[in-house]
Each structure stands twice: as C-alpha cells, then as structure tokens.
*Asks:* 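Attaching a single structure in structure tokens format; questions to follow.
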Amino acid sequence: MVPIGHYIFLSAALLAIGTVGIVTRRNVIIILMSIELILNAVNINLVAFSRLVGSVEGQIFAIFIITDAAAEAAVGLGIIIAFFRNRETVLADEMDILKW
Amino acid sequence: MLDQVVFYFFAVLAVASAILVVTRRNAVQSAIFLVTALLATAGIFLNLNAEFLFIVQVILYAGGIMVLFVFVIMLVNIDVALHQVQFNRQWFVALIITAVLAAQVVAAIAVSRGSLYTMPAAPAGTLEPNTERVAFVLFHTYMLPFEIASILLLVAMVGAVVMAKKRV
Amino acid sequence: MNAIMPYVFPVLFALVIVALLPLVAGYIVLMERKVMADMQVRLGPMRVGPHGLLQPIADAVKLLLKEDIIPENADRLVFWGAPLISVTTAMLALAALPIGPFFQIADLNIGLLFILGISSLGIFGTVLGGWASNSHYSLLGALRSAAQLVSYETSAGMAIVGALLLAGTLSTRGIVQAQSDTGWWFIFVAPVGFFIYLVASIAETNRAPFDMPEAESELVAGYMTEYSGFRWALYFLAEYTNMIVVASIATTLFLGGWLRPFANTRALNFLDYLPPLLMVWVAGYCFRRTPKQPVAVQKMFMAAVGVLCIVLAGVLAMPLVAPAGSLLASSKAGIHGAFWFLFKVGAYIYVFMWLRFTFPRYRFDQLMRLGWQFLVPLSIVNVMGIGLGLALHRQLNWPNGLSLPLGNALTAVAAAYLLSAAEKHEHPRVGEEEEETPVHA
C-alpha cells in the first residue's frame, strides 16, 4: 500500500504547477486549464483520504467538485468566446477595458 | 507491489503532463497534456478502489469538459498566439509567490508527517461495491447538495448560452 | 503459476480480438458495399475472389502500400498520434463486451460506463486529427464532429440509463442476466429507449444520414481529408470498430445479448437447431455456386468457404447432439451465445446500412435541433417514465405488465408532443408566423 503522504505530495505538486500556470500564463484558456489542474489536485486528496478512512464521503465531495468544474468550464469558456468576439484576443493582460 | 508500481507510474505521468500543460506554447498541445494528466488522475482513483469516480473522471472530465476546451480553442485559435510572448511580465514575481506557496504546503505536510504516516489504511474491500455505495450516500445523506449542484449546472448552462450567443 | 492463470484466458482473447478486428472491419466494408449494390440493383465487388470475397484483403494491401503523406504545415506529432487515439479507444471499449457468457475479456463492475467513457475519448482522435492537418476542411469537419458527438452522447447516455434502471447493474454480464431472468429483452420493455439509442448511435458513429463531419459534397472528407495510406486506414478501422462497439452495446442492453430468442420458452427449444442449419444452408449455397466460378482458383476458394461453413455448422451442432452432462454439452451456452451475439450485432449493423442508403443527409442545424430539442428531452422523459413504472411496481406492488407500459405511454405522449411542437416550428400556421417574425421588418 502506498503511504498516504505520497498522495498528498502528488496533490501538492499538482497544486503548485496549477498555480504557476495561473499566475504566469497570458492565455486565458490555459489559465482555465490550470484551474482544472488545481481542482484535480483537490480530488486526489479527497479520494485518498476517503480510502484511508474507509468512507465514500470523500468521493461524494470529489463528484461535487467535478460538477463545479463542469459549470466553471462552461461559463468560463462562454465568457472567453464572448470576449474573443468583441476584442479578438484571448490574452489576459490585454483584457484591460476596466483599466484607465 | 503492483499497487505501488501503478501509483508511481500514474503519479509521474500526472506531474509530467501537468508541467507540460503550463509550459507548452500551443494551447491545443496544452489541452492534450491536460487530458493525459486527467486520465492519469483517473488511474490513481482506480488504484484507490474508487471505480465510479474513475469513470466519472473519464466521461465527464476527459470526455466532456476537455472536448469543450478543445472546441473553444479551435474556435478562437489564432496563429498569432504562437508568436506572442508566452508568459506575462510579472512571471518572475509570480513564480516566487508560487514557490512560497509550495514551500508552505510542503512544510505543512512535513510537520504533520508523523501523524499522517501512522494512520492505519482501511482494509481492502471496505469500499466495495463502489457504485452502489456512492449512489446510496449521494441520494440519502447528500440529497440537498445534489439538488443544489444540479441547479448550479442549470444556471451555468443558461449563463454559458447567454454569454456565447451572438445577440441576446 | 497460479497467480498468472486468471490472466491467461483474457490476454489470449484480447489478442484474438485485436488480430481479427481489422479483418472483420474489412468484411463489414465488403458487406456494406454488397448491401448498397443490392439496394441499387447492382452486383457490387465481384472481381477479387468469388463474389468479391477477397476484396477487403486487396483493399488492405493497397492502403498499406500507399504513400504516407504528412502535410507540410501539419503539427506532426499530433497528426501522427490522432489516428492512434481513435483506434486505441475503440478497441479498448471492446474489452468489457460479453460475446457469449464465456467469451469476455473482463467483467467489470462498472462495465457499461467503462465502454461509454472509453468510447467518449475517441472523439479526441477525430478532433485532434482535424486540427493537426492544418486545413480548413479538416478543421470544419473536426468541429462538426465534436459538436455532434457531444450532443448525441447526452441522449445516448440517457437512453442507456433507462435500460440500466431495468437491469439494476452496470456489469454487462449482469445486464444480460437480468434480461434472461425476466424473460423479456429490454427492447420490449423500453422500446422508446432503444429507438433513441439507435438514432444517437448512428450520429455518434458519424454515419449517414448524420455524416456531416465527413460529408463528401461539403467538406471533401471532413477530418480525414489530409490523411492517406495507413493512417487513413487506421481512422477507417476506428470507425468500423466504433460501429461494432455501439452495436454490441445495443445488443447487450436491449437485444438480450447472447440469449437465444425466447430463451426461457422450453417449447421453442428447437430454435437451438437454427444456427447449424443456417450454416449448412450457406455452405450449400457456396457449393452450388462453385462450378459457376470462372477460374479454378476461385472455384477452390468458393469450395473452401463452403467447407468452413460446414465446420462451423459442426461446431454449432456438436453441443446439441452430445450426451447431456458431458463437457461438450455444457459448452453449448458459450458457443451458441457467441453465435447469437454476433448475429444480433450483424443485424444491428445491417440496419445502419439500410438507413444509410435510405435517407438523404441532414443539414447541420436540423441535426442539432433533432438532438437537443427532440432526443434529449425525450430521453429524459424516458428515464422518468421507466423510473415511474419501476417505482409503481416496487413500492405499490402494481403488476409489471401494467406499470411499465404506463411508463412507456408517458414517454410516447411526450414524443408526440415534441413532434407536434417541432412540426409547428418547421411549418408555422399563418397566424402564428406573424408573431414569430422579428419586428425590425
């Protein structure tokens, strides 16, 4: 059996990589994808602990997180399409209409 | 033994493809590696005896959400993006902040390591049969959150349609 | 040694499937061409081998020898990998299918969801292949394909949920067992669900009349435009494997899997003699045609096919004549199960071809409207109807014969309502039309 710490380390690694993607990339779509990576990191933790304590509730939370990810992706991509239609760009630092 | 081989294989695959997701210049290639990372995560779920979550991950995440991503990337894909600067200007500051975050997480794990490693693992087979148990808990204990989640999905669907529509 | 034993049979079976699949796909193509020829009162391929029986092999050799072209501006890695994704996912989905009670690679407890999930990944092969070709036709085909698959996967999934409610299990073997226990194939219990799955599966496999992703007259060949030679053959293999997969899902879920028709009726046990007799009949046809073949080689080949059919007939007949209780007699379930399963899969695929040569192609907006405004609502009502029927049966002890038809009637009413609404949308009456016209005119 793999020790639970390794699952947490894997999860932490994915979290860190996802964060790097969010704060450094310019492409909004890749930023959204990094968010998905972070949500996945959370899911790994939840399922690992669910296995550890022998209860399925962690998996239930993971299902809710996946639902949330689906909703987030749908709305996020909808916004991206709307924005692309107006400004012809998907770069985060060019989305500066509110700046002055 | 097989257990560990499977876990480390999928873990390495997940981390490697996650790194590629954030470093690839081309958004489509990023999406491909994100699918790989998600499937590797699904493999880890399977390794943890969570079959239902494994298949939810494959159908919903890899087969549903990622198809949506690829679809949108193709809709908005502009070849200009390939020649533009890939990272934003504050990337160095951002990287430091992320490093601090990662250090915090690692430190937190390291501090609580003793208690983590000694927790007894549940005996194999306690989660069987997985789908029925997930369904039972989901539809008994978590009925209300389930309904709220379905309303969330409905709202998201309407929102996405309104956003993406040409004229409302 | 004992640790390896459980894996030997599944691995062997998997190898057999992977080795035979290209051949089977090739012969499905031949069957399709023959069916098409028959419906258009032609003969179809007749040159290579007697009645064109060697045509698939000739086609395969031609495809393998063709030049392998990669467009200059293509994304080489993705272009190279996309057909592999298609083929791998299509073949993986076969792993959980029960071809008879004994022939199955793995009986997963999430069996059906596994097949669905893995085959839903196949779309990446299509989309990425279309994108990597860096050609407008390919990209348009890929986009259409993505939109179409996502739309129709929803209704196919909901149709499957209806049958799953009836079976009460996700294991493919358990589903067939449930149909064996109740004595009713689910097509009779949930006919609307079967209809929805039939339409959705045609759309999912990109077949006419829903073959917009590869519509020749509009997009050259859709996502496959830039592919040639072996990679193109891989896409083709994936497409036909997907056909086999959806046909197998329909067979398992709705058509009773490996069960003989009326498997529980003892009076109809003579139906067991049907498979060997069918084989003998085919063999007789082959022998009768043998002298009429023009060349000696073709004569020999035709006779060989006849002998093969006789051997198959013998294999199918052996368990029937063997003394009861012997090993041979107990293998009857496996051998006859495989025959019936493959027979039903073939029949389902034949319906695909029949529809292809009967209906003209849909327009893309018509396809989307059919998917989202008719099939998805109908499949949701179907799930609710079957759920209602089962609830009435289980909670209020209504007889099954009353509650389940009630559920189906609910679905049928919904279907009629949706159809009439769609009719109004297509042909608005004079008064209503004015309301719908925008005011800007």
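Keep in mind that this is a model prediction, so the values were computed, not measured. Chain letters run A, B, ... following the sequence lines, proteins first, then strands; residues in each count from 1. In what follows, every heavy atom counts, from backbone to side chain, and hydrogens, waters and symmetry copies are set aside.
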*Asks:* Heavy-atom pairs under 4.5 Å with chain B are the metric here; pick the option from A/Ile81, A/Ile17, A/Ile31 that has the most.
*Replies:* A/Ile17
*Asks:* Please report the shortest heavy-atom distance between B/Ala50 and A/Val47, naming the atom on each side.
*Replies:*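 Shortest heavy-atom separation between B/Ala50 and A/Val47 comes out as CB-CG1, 3.8 Å.
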*Asks:* Identify which part of B/Leu101 has an atom lying under 4.5 Å from any heavy atom of chain A, answering side chain, backbone, both or neither.
*Replies:* side chain
*Asks:* When you compare the side chain of A/Leu10 with that of B/Ile44, does any pair of heavy atoms fall below 4.5 Å?
*Replies:* yes
*Asks:* Can you tell me how the ring of B/Phe7 sits relative to the ring of A/His6, calling it parallel under 30°, perpendicular over 60° and tilted otherwise?
*Replies:* tilted
*Asks:* Among B/Leu60, B/Val106, B/Val137, B/Val161, single out the residue with the greatest number of heavy-atom pairs under 4.5 Å to chain A.
*Replies:* B/Val137
*Asks:* Between A/Ala69 and chain B, with a heavy-atom cut-off of 4.5 Å, which part of the residue counts as in contact: side chain, backbone, both or neither?
*Replies:* both
*Asks:* Say you draw a straight line from CG of A/Leu37 to OG of B/Ser30; how long is it, rounded to the nearest 0.5 Å?
*Replies:*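 Result: 9.5 Å between the selected atoms.
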*Asks:* Within the 4.5 Å heavy-atom criterion, are A/Ile63 and B/Phe146 side-chain neighbours or not?
*Replies:* no
*Asks:* Give the member of A/Gly21, A/Ala16, A/Ala71 that has the highest number of heavy-atom pairs under 4.5 Å with chain B.
*Replies:* A/Ala71
*Asks:* Scan residues 99-108 of chain B for pairs that pass side-chain hydrogen bond (donor to acceptor under 3.5 Å, both in side chains), counting only residues two or more places apart or in two chains.
*Replies:*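 Output for this query is empty, none listed.
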*Asks:* Less than 4.5 Å apart, any side-chain heavy atom of A/Tyr7 and any of B/Asn47?
*Replies:*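 Yes, close enough: below the 4.5 Å cut-off.
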*Asks:* Please examine the side chains of A/Val23 and B/Ile97, heavy atoms only from C-beta on, and report whether any two atoms are closer than 4.5 Å.
*Replies:*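 Not in contact.
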*Asks:* Is it true that, when you exclude B/Phe136 itself, more than 12 heavy atoms of the residues, nucleotides or ligands shown sit nearer than 6.0 Å to its CZ?
*Replies:*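 No - once you tally the heavy atoms of other residues, nucleotides and ligands closer than 6.0 Å, there are 12 at most.
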*Asks:* Between B/Phe71 and chain A, which part of the residue has a heavy atom less than 4.5 Å away: side chain, backbone, both or neither?
*Replies:*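 Neither part, no heavy atoms under 4.5 Å.
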*Asks:* Chain A heavy atoms under 4.5 Å from B/Ala149: which part of the residue, side chain, backbone, both or neither?
*Replies:* both
*Asks:* So, for A/Met33 and B/Ala27, which heavy atoms are closest and what is the spacing to 0.1 Å?
*Replies:*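 Heavy-atom minimum between the residues: CE-O, 3.7 Å.
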*Asks:* Can you tell which of B/Ala102, B/Gly159, B/Ala11 has the highest number of heavy-atom pairs within less than 4.5 Å of chain A?
*Replies:* B/Ala11
*Asks:* Does any heavy atom of chain A fall under 4.5 Å from the side chain of B/Leu34, the backbone, both, or neither of them?
*Replies:* side chain
*Asks:* Can you tell me how far the CZ atom of B/Arg24 sits from the CZ atom of A/Arg25, to the nearest 0.5 Å?
*Replies:*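 Going from CZ on B/Arg24 over to CZ on A/Arg25, the span is 10.0 Å.
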*Asks:* Please step through side-chain contact (heavy atoms from CB on, under 4.5 Å) for the pair B/Leu48 and A/Phe49, ending with a clear verdict.
*Replies:* CA-CA 10 Å; B/Leu48 285 164; A/Phe49 278 109; over 6 Å; no
*Asks:* So which part of A/Leu15 gets closer than 4.5 Å to some heavy atom of chain B, the side chain, the backbone, both or neither?
*Replies:*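 The answer is the side chain of A/Leu15.
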*Asks:* So what's closer than 4.5 Å to chain B heavy atoms on A/Ile79: side chain, backbone, both or neither?
*Replies:*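 Both backbone and side chain of A/Ile79 come within 4.5 Å of chain B.
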*Asks:* Got a second to check how far B/Leu53's CG is from A/Phe61's CZ, nearest 0.5 Å?
*Replies:*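 One gets 13.0 Å once the value is rounded to the nearest 0.5 Å.
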*Asks:* Show me the pairs that pass side-chain hydrogen bond (donor to acceptor under 3.5 Å, both in side chains) and involve residues 28-47 of chain A, at least two apart or across chains.
*Replies:* A/Ser11-A/Asn45, A/Glu36-B/Tyr61, A/Asn40-B/Thr41, A/Asn40-B/Gln57
*Asks:* Looking at A/Ile29, A/Ile66, A/Ile44, A/Leu77, which makes the most heavy-atom pairs under 4.5 Å with chain B?
*Replies:* A/Leu77
*Asks:* Please state whether the side chain, the backbone, both or neither of B/Phe52 comes within less than 4.5 Å of a heavy atom of chain A.
*Replies:* side chain
*Asks:* Among A/Thr19, A/Val75, A/Ile60, which residue forms the greatest number of heavy-atom pairs with chain B at distances under 4.5 Å?
*Replies:*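 Answer, by heavy-atom pair count under 4.5 Å with chain B: A/Ile60.
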*Asks:* So what's closer than 4.5 Å to chain A heavy atoms on B/Ala99: side chain, backbone, both or neither?
*Replies:*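 Neither the backbone nor the side chain of B/Ala99 comes within 4.5 Å of chain A.
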*Asks:* Nearest 0.5 Å please: distance from the CG atom of B/Leu138 over to the CD atom of A/Gln59.
*Replies:*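 One finds 11.0 Å between CG of B/Leu138 and CD of A/Gln59.
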*Asks:* Heavy-atom distances under 4.5 Å only: say whether A/Ile30 touches chain B with side chain, backbone, both or neither.
*Replies:*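 Contact with chain B is through the side chain of A/Ile30 alone.
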